[in-house]
> 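Got a structure for you, written out below as structure tokens; questions coming shortly.
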Amino acid sequence: MAEALALLILLPFTASLLCLLARFLRRLLLAQIAAAVSIAGILLILALLVPAVRGRAVLSYAMGGWAEPLGIALYLDGLAWIASVMGTVVGLCALLFAFGEKRYRSDFYFFFLMLLAGMEGVILTGDLFNMFVFIEIVSISSYLLIAYSLDPADLWASLRYLLLSSLSIAVFLMGLFLVYRSTGTFSIRLIEASLSSGGGSVPAAASASAAGTAKALGLAAAALTVGVGLKAAFVPLHTWLPDAHAAAPHPVSALLSGVMIKISFLAVWRILSAFSSTGIQALFRWLGPLTALLAVVLALSQTDGKRLLAFSSVSQMGLITAAFGAAAGGEAAGLIASLAHILSHSLFKSLLFLSVGAAIHLTGERDLQRSGGSPPPFWLMIFFLVGALSISGLPPTGGYVSKTLVVSLFKSSPLLATALRLTAVGTAASMIKLSGMFRRSRAASLPEAALTAESGRPALSPFCLIALSLLALLCLAGGVAPRFLMQSLVLPAVGAPRARFPSVYTARHLIESGIYAALAVGLYLLARTRRAGKVLKGIRELRLSLNGALLLVVAAVVVFAVIGNMLGGVPGGLFYPSLFSR
Amino acid sequence: MAAALILLLILTGVAGMILADNLIKKIMSLSILNSALVILFVWAGSLAGSEAPILLAGVRDIVDPLPQAVMLTAIVIGICVTAVALAFVLRIHDSWGTVSRRRLEELRNKEDG
């Protein structure tokens, strides 16, 4: 059964090679079948693994028969399983949408599957260096997918992302160096085991070196967090995301915003929990609400539909990291809320990107200010509405459940709770603004143009409809059966199967979200006034230069290393510095 | 001494990435940074012994082979990233006729505004 773990990565890899073959044979159908079959295969394997995961076993598989610490091992626990399911389901919907758009050649599916294989690898690997390799596989495929149109503006967005991401990966490598220097291994499990067994029982002679190890590992944890964290896009590492995610083709935007940033965040999660670095984790408690509030203001100021959604992804990452940071004291509630919001955001954000993508596909217009094109059919609005309700945290959707869980974590801190509530209002207002994509009025003049547009109008293929419906149904399922889903999916994954799950459908929460919705309408109307329009235009034109963004990465390393370790360092432990004589 | 030189290389790479205006120079700085990290790992591994880690009879006091092994992968990845980046710059230069970061950002802002 454990061999199946290797298959989860090998299946999309092999299929991607078939896509490359299809590229040379000029057989698009071969690539599409390979992609669909491999994703179906992953879903089948994940379904077969359910009994093992339910038994709370951690499956492990040593690649090539070489056990750790010499070899690389793959691990599948509850968290990896649910992350894998999330990636594959969103991947499936994005793939179906790509089939429906009919714009892509075989090489698109090659990079698409490489991206999926890399994400599976990041989730499953138990080795930090191997994680670096898979992160780079994800990165390189995403650079190429973002620039798939070869439009110079898209190439520039992708190149900016490439330079920022490469700098952060160099920081990651420096972190790996510190890890290897002080522990002699890259294995996450071995580091975790040594750290939790160390502490009180350290003999006096070794305690001095244990303190040095603790300091080096504290620095390493900061470097690793920034290294992967750039892809998780929390402030101040979010600068690349809006351009890159807006430039990407619609299915890729859905996959990047829906899954990729969360997989990177789960890598941060794994690293910090292995290093027991509660200080850096606690830093997220403040960084999260800051990210959420800052990004939602930027989202509200955008006029490009996809850029608006991309900024709102950053803002939602703020909620996710805030909940994770609130768990620094060791309470499971924070982790539960964080994972719940990761899952629901992956569904509603990909639904939003795909429905906005469909509207752009039909009208050929992505700017909210320019009118023109023929209005998209009214039923497209329904899919958007489900996603918009969910992201605004309104019932009966999964977003309502997870957002309520996140906000209720901050009862003791009015300041942070207010930031998160304002974020909710801002998000809802930005969604009202975005709904303009679906409310386009038919261009009044030029009836001939409208007529010709009518006859040559691009239609939406059934594949797109299946993708949208699947995501919309899953969003609604999260709101209709929250208790069942939380108990069967989320609680086991964070290792708290018996945690108390608070009821979210209480009168207080419902009234509260009603007030947010009313405030959001008010905020939207306010944002439409001329004076507010000028302010928003000013905010929109604030652009950070690439050099500034690169400098922010370096600054982030310093902040995480200094403040994070001031809040709480890594416990020392006893390690064998090298396998080989030294 | 070696440590100081490696640190200097790393700082050169990071400073070049942040300060250079020419995109090609930014990418070359990235290359320097990557090479510096490779040297760092291999150097640290070499402190463990003095012989090449080829385990024939009589060979002992070997250097740590793991950093060398992992750095092979890092070199390959570094080359891939550099190649992709240079290809992007070439395309950008073909359509906008410049490789200056400042000029590109001006053009981009003008296009949006």
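Chain A is the first sequence line, chain B the second, and so forth, proteins listed ahead of strands; every chain is numbered from 1. Here the structure is a predicted model, which means the values were calculated and not measured.
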> Any idea which heavy atoms bring Phe13(A) and Phe134(A) closest together, and the distance?
CE1-CE2, 4.2 Å
> Is the CG atom of Leu150(A) crowded by more than 12 outside heavy atoms at less than 6.0 Å?
yes
> Given a strict heavy-atom distance threshold of 4.5 Å, which part of Arg540(A) is in contact with chain B: side chain, backbone, both, or neither?
neither
> Would you mind telling me which of Val133(A), Ile137(A), Asn130(A) has the largest number of heavy-atom pairs within less than 4.5 Å of chain B?
Val133(A)
> Do the side chains of Val81(B) and Asn34(B) get nearer than 4.5 Å, heavy atoms only?
no
> Is chain B contacted by the side chain of Phe177(A), its backbone, both, or neither, given a heavy-atom distance below 4.5 Å?
both
> Please state whether the side chain, the backbone, both or neither of Leu159(A) comes within less than 4.5 Å of a heavy atom of chain B.
both
> Report which part of Val553(A) has an atom under 4.5 Å of a heavy atom belonging to chain B: side chain, backbone, both, or neither.
neither
> Give, as side chain, backbone, both or neither, the part of Leu19(B) having an atom under 4.5 angstrom from any heavy atom of chain A.
backbone
> Would you say the side-chain atoms of Ser142(A) pair up with the backbone N or O of Ser139(A), donor to acceptor, closer than 3.5 Å?
yes
> Among Leu163(A), Thr303(A), Asn547(A), which residue has the highest count of heavy-atom pairs closer than 4.5 Å to chain B?
Asn547(A)
> Counting only heavy atoms closer than 4.5 Å, note whether Leu173(A) contacts chain B via side chain, backbone, both or neither.
both
> Given that the side chain runs from C-beta out, which part of Ala20(B) has a heavy atom under 4.5 Å from chain A: side chain, backbone, both or neither?
backbone
> Using a cut-off of under 4.5 Å for heavy-atom pairs, which of Ala170(A), Gly548(A), Ala549(A) has the most such pairs with chain B?
Ala170(A)
> For the backbone of Arg366(A) and the side chain of Lys306(A), can you confirm whether one donor and one acceptor N or O come within less than 3.5 Å of each other?
no
> Is it true that Glu105(B) and Arg101(B) make a salt bridge, defined as a side-chain N closer than 4.0 Å to a carboxylate O?
yes
> Donor-acceptor pair, distance only, cut-off 3.5 Å: does the side chain of Ser46(B) make one with the backbone of Trp43(B)?
yes
> Sort Leu40(B) into side chain, backbone, both or neither according to what part of it lies under 4.5 angstrom from a heavy atom of chain A.
both
> Which region of Ile18(B), side chain (C-beta onward) or backbone (N, CA, C, O), has a non-hydrogen atom less than 4.5 Å from a non-hydrogen atom of chain A, or is it both or neither?
both
> Taking Gly227(A)'s backbone N and O only, do any of them form a donor-acceptor pair with Ser168(A)'s side chain (distance below 3.5 Å, no angle check)?
yes
